[in-house]
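Residue numbers start from 1 in every chain, and the chains themselves are labelled A, B, ... in the order their sequence lines are given, proteins ahead of strands.
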Amino acid sequence: MAKPTIKELLAMAPQEQSVEVLGWVRNRRGSKQVAFITVNDGSTIHNIQVVVDLNQIPEEQLKDVHTGASVRVLGKLVPSQGSGQAVEVQAQEIEVLGPADPEKYPFQPKKHSLEFVRENAHLRARTTTFGAVFRIRHHVSYAIHKFFHEEGFFYVHSPIITASDAEGAGAMFRVTTLDPKNPPLTEDGEVNFKEDFFERPTNLTVSGQLEAELMALGLGRVYTFGPTFRAENSNTTRHLAEFWMIEPEAAFYDIHDNMDLAERFVKYVIRHVLEHCADDLAFLEKRLLDEEKSKKQEERSPMPLIEKLNFVVENAFERLTYTEAIDILLQSKPHKKNQFQFPVSWGIDLQAEHERYLVEKHFKKPVILTDYPKEIKAFYMKQNDDGKTVRAMDVLFPGIGEIIGGSQREEDYDKLKRRMEEVGISTEEMWWYLDTRRFGSVPHSGFGLGLERFVQFITGMGNIRDVIPFPRTPGNAEF
RNA sequence: UCCUCAGUAGCUCAGCUGGUUAGAGCACCUGACUGUUAAUCAGGGGGUCGCUGGUUCGAGCCCAGCCUGAGGAGCCA
């Protein structure tokens, strides 16, 4: 039999059978006669209680049993005499595999601030909160693959190193093997990338979308799921320099198919987590409620975490155009009372305060905005007949803002080429992208979803650095 | 990058208008306790008050610069 995890041990019927417990000590307490050790192995949020009769187990075996130590316990699985758990392990032998000096181990059996735990990111998988978050992150990732597979989408691996710097999605990390102190120069005194590894400038990808489009125009329905890099100097609770993005792309999908897909997708994944991570969600919900006790009434969430997730699953997303959204904002109280920091008018890029008003105050549910002015959106989006707007769609969520950004793509070769020239994107370097519109072009659509923002929404974690194991942010790449 | 706030024991924090030897809870160590649930009770050890400079008879507290962190904004997913 495979070694049972604590999750499996807790589910067994206690019949005084011999069991082995492997895990990390969370806490130890007790009296002269008996000691209680709570052990966790990460398989579940629940701990198993090991009971030690001090008349039978030599003191020597217990002296290194401190919070943080790893242990192997041999014992019998019995019904618990205490009220906090159904089963427990009556210890017969305890071995400390790796001691943890209690003077130096950073975590204690008490509540720590997220800032402190974040500074100990190398050990934080051992905490209750982060165990729950990372188990949920796994289930989210699994449900994403499951959803797309069931919908007939193929998982494609887009490149991480790209030569294209035309995607316009922000500052990029240069990839080079040149000596930074002494790079080869051209006659003009510029760095000569002809001598670099790829014989041209290359960067880490900021999006797999363009490659996903190439694959979709052949495989039909595809999605990417991989790391993405942005060298922006962003210091917020919603930005990372390295994050994971999911980008489906589907041939013969128009903007409405795209919206339907996005809504189905989000609901499917949340439903999966509700079904499979109930214990972790319950803990995170309680944690959030405790945290919010110290906040003002108006800053508290309108509903508890699980209720919020059910609400998203059960209600249709509100769909409206950018133009309709601007009208609502122009009619709104904050606009009339001059309370928006950024004034509202048709053509502006919506600010966080505007999106929050629409999602949190006006509709009180997820919102999909479409048909944005072309000036504030990317070159590849399909142009509407009005000549002013493009078939973009942004899905806005309460608390975190834009969680999905997508569009129907411009499939018309001439329109796409003209737009690229207008905004100054090299049609020569992007010949391969334009080629898909020269040969057998079809309407197609797709979107990008930031995995971490999604996990933030599902777990209720306020800071994006707490939903990725080892966050990369400006000035921060330890661990 | 900009704005705001914060930095006191391993952790969470208190420290009055500048005044003598800087405090509490938790953790740790010692002891007590027949089954605990972040156990409880008694005692003990533990501090470069972020760093540098300044004002002052005297600075944890006031001033300047810097460092680090958090929240908000921009950029976006």
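Qualifying ring-ring contact (aromatic ring centres under 6.0 Å, His included) partners for A:F173, counting only residues two or more places apart in sequence or in other chains: none. Applying the ring-ring contact (aromatic ring centres under 6.0 Å, His included) criterion to A:Y268, with sequence neighbours excluded, gives A:F147. Here A:H66 pairs with nothing under the ring-ring contact (aromatic ring centres under 6.0 Å, His included) rule; sequence neighbours left out. Residues satisfying the ring-ring contact (aromatic ring centres under 6.0 Å, His included) test with A:H145, not counting sequence neighbours, are A:Y155, A:Y223, A:F225.
For A:F107 and B:rG10, the CZ to P distance is 16 Å, given to the nearest whole Å.
Spacing of C1' atoms, B:rC66 relative to B:rG74, comes out at 25 Å, to the nearest Å.
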message: What does the B/S/- profile of nucleotides 45-52 of chain B look like, 5' to 3', with a 4.0 Å heavy-atom cutoff to protein?
response: --------

- prompt: Using a cut-off of 4.0 Å between protein heavy atoms and nucleotide atoms, how would you tag nucleotides 67-73 of chain B 5' to 3' with B, S and -?
  reply: --SSSBB

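A heavy atom closer than 4.0 Å to some atom of RNA chain B occurs in A:K32, A:Q33, A:V34, A:F36, A:Q49, these being the qualifying members of residues 32-50 of chain A. Using a 4.0 Å cut-off on heavy atoms, the residues of residues 449-460 of chain A that approach RNA chain B are A:G450, A:R453, listed by number. Within a heavy-atom distance below 4.0 Å of RNA chain B, the residues of residues 65-80 of chain A found are A:H66, A:S80.
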Grab the N/O contacts between the protein and nucleotides 41-44 of chain B below 3.5 Å, and write none if there aren't any.
none

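Here B:rG25 is the nucleotide among B:rU34, B:rG25, B:rA77 with the atom lying nearest to any side-chain atom of A:K110.
For residues 458-479 of chain A, every residue pair satisfying the ring pair (Phe, Tyr, Trp, His ring centres under 6.0 Å) rule, not counting sequence neighbours, is listed here: A:H122-A:F479.
Remark: the A:H239 side chain and the B:rC76 base include a donor-acceptor N/O pair separated by less than 3.5 Å.
Paired runs in RNA chain B that reach 3 or more consecutive Watson-Crick or G-U pairs, where each pair keeps both distances under 3.5 Å, cover B:1-7 with B:67-73, B:10-13 with B:23-26, B:28-32 with B:40-44, B:50-54 with B:62-66.
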